[in-house]
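Each remark here refers to the structure printed beneath this line.
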Amino acid sequence: MKTALKNLFSTNPSQNFNSYIKKCASLLKNFSEKGLVTGGTVLHCHLHKKGIFSEKFIAIKLLIMYLDFRKLDEANEIVKEFNGFDLVVQNCLINANIQWGNLAEARRLFDQMPERNEVTWTMLISGLMKYGRLQESMWYFEMNPFKSVVSWTAGISGFVKNGSSFDGLKLFVRLLESGVKPNKVTFISVVSACIQTGDFALGMSVLGLIVKTGFEDNVSVCNSLITLCLRMREFDLARRVFDRMETRDVVSWTAILDMYVEKGDLGEARRIFDEMPERNEVSWSAIIARYSQSGDHLEALKLFRQMVQEGLKPTISCFSCILSTLASLEILRTGRNIHAHVKKIGLEGDVFIGSSLVDLYCKCGETKDGRLVFDSIEKKNVVSWNSMLGGYSMNGQMDEAKDLFDNMPTRNNVSWGAIISGYVEYKQFDKVFEVFNEMLLSGETPTKPTFSSVLCACASVASLEKGKDLHGKILKLGFHYDVYLGTALTDMYAKSGDIESSKQVFDRMPERNEFSWTVMIQGLAESGFAKESLTLFEEMKSCTSVSPNELMLLSVLFACSHCGLVDKGLQFFGAMESVYGIRPKGRHYTCVVDMLSRSGRLYEAEELINSMPFQPEANALAALLSGCKTYKNEEIAERTARKLGELAERNSAGFVLLSNIYASAGRWIDVSKIRKLMREKGLKKNSGCSWVEVRNHVYSFSSDDRTHSKSAEIYDILELLRSEMMAP
DNA sequence: GTAGGGTTAG
């Protein structure tokens, strides 16, 4: 900005007046577009000093600039110079009012004008279209005595932008009949109408017309043709159009970049991006968005920083994309900075940015901040509602989530999925099935992730019946080829005790990932097929590139423990850190302690506990104690019980185990002492629970309360049964 | 040739 101004100030206006004026005009336009208020004001002062201000050409540019900046006093000064009744000046004022949304004022100005021209009419037509007032706009269109190609195009593109492509195309036919020649802008709008209707044949006949009228060499028309081919997934044709273009602009390059992005060829897209002669915000947005979507959040963040460093202003979509990247990485600090920046430039209420901010705050656990942003979004859409709903749901605020869900203006399958996944995550399984059934009744088709969460619920309550039902629905939709759903089905069958079906689903999966192998190895181990589990683990290691994880190794240790392969188990345990790079957790130690204790290797078990770098789980001590009981080792039992007592001070599991051990030894006085201690400390044992399934509804029962809605009746019947049984 | 219509990303 500074250099441009300096250049201008150093040239003498009288030398080449016309080019000087042109330079001023283009600078003013530039300042206006980029919002550079200072630059504009400085140039205005300069022109005033030189006395060039009276040039109408310049004065209009200044007026537009001040209107853009909303500097009304300055704008009024200029209007006064013209006594206020110049046609062009009036047109500028009408346009400004339309941009600001003051349609009534724009119409008032229009009505009181002594004469109007083509531009006056067109501005009103396109202005009304912009605000979706199609009928009014068409009324003015028909009244317009001038009807140049620009007003025809304003009408066509207005329809297209409002999603009424068909009306747009009808208007285009009328244009052809009227004898007015369409121009490049008309064709661009018409092509975009073809894209919207998805009618490729129509697109091709428009292409024919474009060639016939000689617009096939126009850069912008070709750009829109490339987009048409892309949307119709005619990638080769798109590439051909691109290749035969003589000149290409940044839009052409971005369109072809988008083609590779669309094809999922991120490598080629990146190559194009690096080779592009020029890049703008949209090109950057395209590549950043794709890195973010494909999960390479760090690369997306890197590119975003680079973009800002190169002095480009991120667009709304770019902000929203980078906010969602930050959400995935859970980087709240940077997110808050961007939030502050977005607020400063007045974009906080934007629906895209707002929804991303809601998501960011919720993913970082700050639902309150998320709610504040949500409430500030001006025109909420279903995505914003879903972000807030998902936010509550993922943070376990199910009451808030349900409340929001019930009050949503519109729901889609993502909304249903969000609330269901919350119920699954927070183990309210009866709610899961209730809401899922409601969803099916409403006619909504569940998404793959939704099926996956409901299957997880089936696995958790071991409901084979529901699981099979879901399997059927998944087959019908052709979702069974999906890795995640295949894995979820494998897990569901294994956890519901149908290990054969589980293995069958696993074997038929066209593709397996780390999770698929994990659930199958775990399923086999926990269903008592220890040898098969170990064989599968070996198969995975030798045939795939999947590397063992924490859970798999736990299953492997569990399997070894259950088929008495103590030394093999110890070998795996030893290899965990050195070979697989996984530091053993408490549960791995517990499993090995259990394995040693069961086989009577009590001293080794005790030694392992003592060598642990952190506190053992209460279960590890209990396993050792139970081994001591089996192999009658009073000495170790004594020491272990003391340790368990110490542990019990801090955690209820220890207390429960200790009291169980006392109970099995018949030491009832100690048992009641412990129970009393637990009550005093406010520790509560998680009570056991069982359930029955009646007509698609799961009823759960627990020992310590009467939560069932019909518990009074149930107890009455129990009493009745008891008296029946006692009767002689 | 000062005011009005268009294409790329989400």
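Lettering follows sequence order; numbering is per chain, from 1.
One interatomic measurement links the two molecules: CD1 of A:Ile195 to C1' of B:dG10, which rounds to 16 Å at whole-angstrom precision.
For A:Phe172 and A:Trp152, the distance between ring centers is not under 6.0 angstrom.
Of the N and O atoms on the side chains of A:Asn223 and A:Ser220, not one donor lies less than 3.5 Å from an acceptor on the other residue. Between the side chains of A:Asp249 and A:Ser252, at least one donor-acceptor pair of N or O atoms lies under 3.5 Å. A donor and an acceptor atom, one from each side chain of A:Glu118 and A:Thr122, are located under 3.5 Å apart.
Partners of A:His297 by ring pair (Phe, Tyr, Trp, His ring centres under 6.0 Å), not counting sequence neighbours: none found. For A:Arg240, there are no salt bridge (Lys or Arg N to Asp or Glu O under 4.0 Å) partners two or more places apart in sequence or in a different chain.
In this structure, A:Asp111 does not pair ionically with A:Arg107, as no charged nitrogen and carboxylate oxygen lie closer than 4.0 Å.
Using a 4.0 Å heavy-atom criterion, one finds that A:Arg248 contacts no nucleic acid atom at all.
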For each nucleotide in nucleotides 2-7 of chain B, reading 5' to 3', give B when a protein heavy atom comes within less than 4.0 Å of its base, S when such contact involves only the sugar-phosphate, and - otherwise.
BBBBBB
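A heavy-atom distance below 4.5 Å is not found between the side chains of A:Arg116 and A:Gln90. Using a 4.5 Å heavy-atom threshold, the side chains of A:Met388 and A:Lys380 count as separate.
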Considering only distance and modelled atom types, tabulate donor-acceptor pairs under 3.5 Å from the side chains of residues 176-184 of chain A, sequence neighbours left out.
| from | atom 1 | to | atom 2 | distance (Å) |
| --- | --- | --- | --- | --- |
| A:Ser178 | OG | A:Leu175 | O | 2.7 |
| A:Ser178 | OG | A:Val180 | N | 3.3 |
| A:Asn183 | OD1 | A:Val185 | N | 3.1 |
| A:Asn183 | OD1 | A:Thr186 | N | 3.1 |
| A:Asn183 | OD1 | A:Thr186 | OG1 | 2.8 |

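Within residues 301-329 of chain A, the residues having any heavy atom closer than 4.0 Å to DNA chain B are, in order of number, A:Thr315, A:Ser317. Annotation: proximity of residues 253-273 of chain A to DNA chain B (heavy atom, distance under 4.0 Å) is found for A:Thr254, A:Asp258, numbered in ascending order.
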